[in-house]
Student: 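Dropping a structure here in structure tokens format, bear with me for questions.
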Amino acid sequence: MTQILSLRFLQPKAARDHPLRTRAAFAHLYETSHMDVVRYTYGLTGGHQQDAEDITAETFLKAWDARHTFYGDEAGAVPWLLTIAKRLV
């Protein structure tokens, strides 16, 4: 009888504990969520596009610097990003 191991257990421990640690994972998060952050900050800034884009860029820079503190999956990362953005406004 053979056992099937979950691929999750084959990943390095750091990748399991901090899902945004790798560049590829963070790049995927950016690609899938940056427009959500832009729209959110656009609303917070009263419709100022340049301000929204600047805050979005700063949000992702701060998230990159703090990625080792994030625990959760991709669905939980978007609210985390929006919290960072709100604190920057």
Student: To the nearest 0.5 Å, tell me how far Thr59 OG1 sits from Arg87 CZ.
Tutor: 11.5 Å
Student: At what distance, to the nearest 0.5 angstrom, does CZ of Phe60 lie from CD1 of Ile84?
Tutor: 9.0 Å
Student: Find out if a path of hydrophobic residues (ILVMFWY) with successive side-chain heavy-atom gaps under 4.5 Å connects Val37 to Leu44.
Tutor: yes
Student: Using every non-hydrogen atom in the two residues, find where Leu20 and Phe70 come nearest and quote the distance to one decimal.
Tutor: CD1-CD2, 3.6 Å
Student: Spell out, as yes or no, whether a donor-acceptor pair under 3.5 Å connects the side chain of His34 to the backbone of Tyr30.
Tutor: yes
Student: Quick check: closest heavy atoms across Arg23 and Trp64, and the distance to 0.1 Å?
Tutor: CG-CH2, 3.7 Å
Student: Can any side-chain N or O of His28 pair as donor or acceptor with the backbone N or O of Ala25 at less than 3.5 Å?
Tutor: no
Student: Checking Leu61 against Glu58 for the side chain to side chain contact (heavy atoms under 4.5 Å, CB included) test, could you report, in this order, the C-alpha distance in whole Å, the side-chain angles of both residues, the deciding distance, and whether it holds?
Tutor: CA-CA 5 Å; Leu61 286 173; Glu58 185 66 24; 4.1 Å; yes
Student: Ala77 and Leu29: which non-hydrogen atoms are nearest, and at how many Å?
Tutor: CB-CD1, 3.7 Å
Student: What are the two closest non-hydrogen atoms of Arg21 and Arg67, and how far apart are they?
Tutor: O-NE, 3.4 Å
Student: Looking at Arg39 and Asp36, is there a salt bridge between them, counting it only when a charged N and a carboxylate O are closer than 4.0 Å?
Tutor: yes
Student: Once you round to the nearest 0.5 Å, how far does CD of Gln50 lie from OH of Tyr42?
Tutor: 12.0 Å
Student: How long is the straight-line distance from NZ of Lys86 back to OG1 of Thr41, given to the nearest 0.5 Å?
Tutor: 13.0 Å
Student: Apply side chain to side chain contact (heavy atoms under 4.5 Å, CB included) to Ala66 and list each qualifying residue two or more places apart in sequence or on a separate chain.
Tutor: Thr69, Trp80
Student: What's the separation between atom OG1 in Thr56 and atom CG in Leu88, rounded to the nearest 0.5 Å?
Tutor: 9.5 Å
Student: Rounded to the nearest 0.5 Å, how far apart are CD1 of Ile55 and NZ of Lys62?
Tutor: 12.0 Å
